[in-house]
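Notes follow the structure.
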Amino acid sequence: MIAKVIVDIPASNVNKTFDYLIPKTLEASAQPGMRVAVPFGPRKLQGFILSITKDATVSKLKRLQELLDPVPVLTSELLSLGQWLSEETLCFLITAFQAMIPSALKATYKKEFALSQEQHLSSLPSQVMRWFNHRTHIPYDEIVTTEPELLPVFQKLVTAGTLEVIYKMNDKVTKKKIKVVYPNQSVGALQTLLAALPPQALKQKEVLHYVMNEREGVVQSDLLTMFDASRSTVTALEKKGAVVVIDQELYRDPFAGREFKKTTPLTLTAQQEESMRPMVAAVEEERHETFLLHGVTGSGKTEVYLQTIEAVLQKGKEAIVLVPEISLTPQMVLRFKGRFGSRVAVMHSGLSAGEKYDEWRKIQRKEVSVVVGARSAVFAPFENLGLIIIDEEHESSYKQEENPRYHARDVAIHRGLMNHCPVILGSATPSLETYARAQKGVYTLCELLERVNSRELPAVEIVDMREELRNGNRSMFSEDLFAKLQDRLQKGEQSVLFLNRRGYSSFILCRDCGYVGECPHCDISLTYHKKHHTLRCHYCGYAEEMPTNCPSCESSYIRFFGTGTQKVEEELAKLLPEARVIRMDVDTTSRKGSHEKLLSQFGEGKADILLGTQMIAKGLDFPKVTLVGVLAADTMLHLPDFRASEKTFQLLTQVSGRAGRHELEGEVVIQSYTVGHYSIELASKHDYHTFYKEEMAVRQSHRYPPYYYLTLLSFSHPDVLKVVDASEKCAGYLRERLSERTLILGPVVSPIARIKDRYRYQVMIKYKNEPALSRIIQELLQHFQPLMDKEGLHISVDMNAQQMM
DNA sequence: AGCACGCCGACT
DNA sequence: GTCGGCGTGCTC
């Protein structure tokens, strides 16, 4: 039998299957979707079996070396989904498959030198022999980093046959194994065996006496500490056939030992009930349908999800819930764990690679029926999928900005289609694309326009900060906001202050000459890092000491413009010294679990003001919060992005929704320098529908999505002339082949003109109907392949660009 | 990706 | 005359 294998190299010339002979011994167990180790040239690589056939396309076959999984890691559905994904996003097959499995299953490769058979150390030159002191294998990398001039010597010894090169392949993360001791015979038989033990075998007696009643097994290390015994005691018992020791895979449960308060379904409002009915119907009928659940903040979308999932579980099926990374908070997880207990797996970036793997294994082994996770959880290997939910559907984090450049929403809908199951997109501020589709009837629109507690949405006041400045207020708090903060402080109520991080990033600036610290390799300003007192580049990792004097004019008035939040915190301390402030930003939440800790402190009333960035905009739900302040609403409005208005509207709406969710009434103050702007104006009125109409008109007149599709080609090269030349040629190539109604813009320089010493240009394609676009771009890539290989030109394609960078 | 094979300049 | 530069093409 022949296995068609796709190997672990993302390159166009190996983006196809290779045939391998399946050894007789593995024939029974080899299955499509398994990872395998295969010889590839002189190396040993990981690969995936795509299919198994009788005959091969080539004659000289190698045999596959090893099966790396007892059961396939890719289900047959995922195998075909990968195919689809690679066509849809124009990525290599291997890249699509790698995105579907936990990174712990990725292979790492190592090259080593070892002495050949029948060779003796003494035949080595002394400077090489030194390396073989106390070991038989010398890692290639070690020589490269410490004594690269010795490499040719090693190489020569290889050609001479004295040394050989060994290619090693390992899993990235070793599965945590634990030894468990089980009784190996009936209690009666063991009783006899126990009696027959020699009298001096005290430890064995004790241990066996204990183990024989533990049919569930005992962890060996526990057993040994319990009786102060050693490994040999257990081995002796094993030899006598009394017990058996089994290596068992151990789950690292990040929620181990945590109690989840069981919650029961809440009574639904009439609106919730009405929205849910068609969703449950689709679940019952196992029919694909995409729903847009448009519910204002606090309208109880989550409860609708939970009860729809309940219907899925009733049917014995499984559900995927996608949540944006940033709102995958413990609060959120608790709601799901509280309702479905141990039937839930949770996948988010806060988990270690090992923990992620363990959660994934729970899905694979059918130990859970619900997964709550960020973007990549859309690939959960369920085989009986009954529902996919995407919460906060509009969030940009659902788009992966590296290969494969997929949007989780598209993948979800495709999986829904394949599995005959409904997909629910939920949001208070749906993306224009989604809402437009709902309007057209492509998706079923369900609206929840009332909050569950019938509370009014909070009153929102917009403050013109230019006015404040004219009146001599140079602080970052308007008089109004400041007065309200004081008021809450007096009443013992809580406030949330929101600062948009962008535009406030922590660059350094010379106040004399205007010098801004920039990365020498990337056209981007350096970010100040407090912990190392260095300036670092976000893109390439370049770091330098924080200068004491301006590198350009020697002035000592060089200072960094603090992390925004830090600065606000300082000012708060000056103006409201009695206020207890909790600051949440990348600096204070980088440690594991600190995010959670800070929030629970705030929830317990240990602070009066929560000050933070994006990360506090979502999902927070604290009864005592009655004031929300947005310090600068328009910092992201001026970004070079046609979605800037939409993003501003979404953010302001989300933030406003944090106030007055319970008994106490809430109030919101938005400070802005662009008060007339419709996105700010309409967010303050909680008026999504008018915003939708206005923004749609703008999109139509500028020919942007959802009226046009948008594909972005990016080019990069160390030589600016080369990249301009290449991108012009590509634009020309496209102009010749695409229809006249399609717009091809550029090439223009990218918003970030240079990263890691490579100059960047881009070409934007706006189109309504271009059925052959994928094929044409594929041909373009083929056509320019020689240029990419020879000159080191990089071309990246984003078939559904969300960001212009 | 990594490696071997292959064709043109400065060296024992 | 050879060692070695990296351009080209292949890996089942």
Side-chain angles (χ1 to χ4, degrees), chain A residues 1-24 26-27 30 32 34-68 86 91-99 103 106-114 116 125 138-145 148-161 163-172 402-404 717-719 722 781-796:
Chain A
M1 294 294 261
I2 307 299
K4 301 224 172 255
V5 173
I6 191 101
V7 294
D8 199 10
I9 300 170
S12 58
N13 44 356
V14 291
N15 190 31
K16 54 172 184 168
T17 59
F18 287 80
D19 294 353
Y20 288 90
L21 203 64
I22 305 174
K24 275 275 173 296
L26 301 179
E27 237 172 45
M34 283 180 177
R35 293 174 308 142
V36 289
V38 292
F40 196 70
R43 296 181 290 166
K44 179 182 174 184
L45 291 183
Q46 192 182 86
F48 292 93
I49 304 184
L50 288 204
S51 59
I52 293 176
T53 57
K54 271 208 141 63
D55 28 30
T57 42
V58 268
S59 51
K60 39 158 194 147
L61 289 187
K62 288 188 186 172
R63 352 170 76 218
L64 63 83
Q65 263 171 355
E66 183 181 358
L67 298 177
L68 299 174
S86 78
C91 71
F92 303 123
L93 267 168
I94 189 68
T95 313
F97 292 134
Q98 296 286 22
S103 66
K106 259 188 90 171
T108 54
Y109 300 96
K110 226 165 98 187
K111 190 175 160 184
E112 289 177 342
F113 291 110
S116 301
I138 312 299
Y140 179 90
D141 284 346
E142 230 177 281
I143 302 170
V144 172
T145 46
E149 63 280 3
L150 210 60
L151 260 180
V153 186
F154 273 86
Q155 233 105 53
K156 239 171 254 164
L157 289 163
V158 172
T159 16
L163 291 179
E164 61 181 341
V165 180
I166 292 170
Y167 296 90
K168 277 202 173 164
M169 192 193 93
N170 284 309
D171 272 4
K172 203 171 175 189
E402 62 201 48
N403 285 334
H717 194 276
D719 181 345
K722 290 244 166 74
L781 290 176
Q782 239 162 53
H783 186 258
F784 288 91
Q785 191 69 47
L787 213 62
M788 294 162 71
D789 292 345
K790 258 203 336 231
E791 305 265 14
L793 173 74
H794 287 184
I795 304 180
S796 98

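Below, all heavy atoms of this structure are taken into account, side chains as well, without hydrogens, waters or symmetry copies. Here is how names work: the chains are called A, B, and so on, in the same order as the sequence lines, proteins then strands, and each is numbered from 1.
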Show the atom names and distances, to 0.1 Å, of all donor-acceptor pairs under 3.5 Å that link a side chain in residues 42-49 of chain A to residues at least two apart or in another chain.
residue : atom : partner : partner atom : Å
A:Q46   : NE2  : A:L105  : O            : 3.3

Subject >> A:K4 NZ - C:dT11 P separation (whole Å) >> reply: 15 Å
**OP:** Could you check how far CD1 of A:I94 sits from P of C:dC12, rounded to whole Å?
**Re:** 16 Å
**OP:** Please report, rounded to the nearest Å, how far the P atom of C:dC10 is from the CG atom of A:D19.
**Re:** 17 Å
Original post:
Touch check for A:F40, heavy atoms < 4.0 angstrom, all strands: base, sugar-phosphate only, or nothing?
Top reply: base
**OP:** Please answer whether the main-chain N or O of A:C91 pairs with a side-chain N or O of A:N403 as donor and acceptor at a distance below 3.5 Å.
**Re:** no
**OP:** State, yes or no, whether a side-chain contact exists between A:I94 and A:D8 at a heavy-atom distance under 4.5 Å.
**Re:** yes
Original post:
When every nucleotide of nucleotides 2-12 of chain B is labelled 5' to 3' by its protein contacts under 4.0 Å (heavy atoms), B for base, S for sugar-phosphate only, - for none, what sequence of letters results?
Top reply: SS---------
Original post:
Going from CZ on A:F113 to CG on A:L157, what distance comes out if it is rounded to the nearest 0.5 angstrom?
Top reply: 9.0 Å
**OP:** Calculate the interatomic distance between A:F18 atom CZ and C:dC12 atom P; express it in whole Å.
**Re:** 7 Å
Subject >> Rounded distance (Å) that lies between atom P of C:dG4 and atom CD of A:Q155 >> reply: 11 Å
Original post:
Rounded to the nearest 0.5 Å, how far does CG of A:L21 lie from CD of A:E27?
Top reply: 8.0 Å
Original post:
Touch check for A:L61, heavy atoms < 4.0 angstrom, all strands: base, sugar-phosphate only, or nothing?
Top reply: sugar-phosphate
**OP:** To the nearest Å, give me how far apart OH (A:Y20) and C1' (C:dT11) are.
**Re:** 7 Å
Original post:
Quick one: A:Q65 CD to C:dC12 C1', roughly how many Å, whole number?
Top reply: 13 Å
Original post:
Between A:K62 and C:dC12, does any side-chain N or O lie under 4.0 Å from OP1 or OP2?
Top reply: yes
**OP:** Would you kindly give the CD1-to-P distance between A:I49 and C:dC12, to the nearest whole Å?
**Re:** 16 Å
Original post:
With no hydrogens and no angle check, is any side-chain donor or acceptor of A:Y20 less than 3.5 Å from a backbone partner on A:P39?
Top reply: yes
Original post:
About how many Å separate CG of A:N170 and NZ of A:K106, when rounded to the nearest 0.5 Å?
Top reply: 14.5 Å
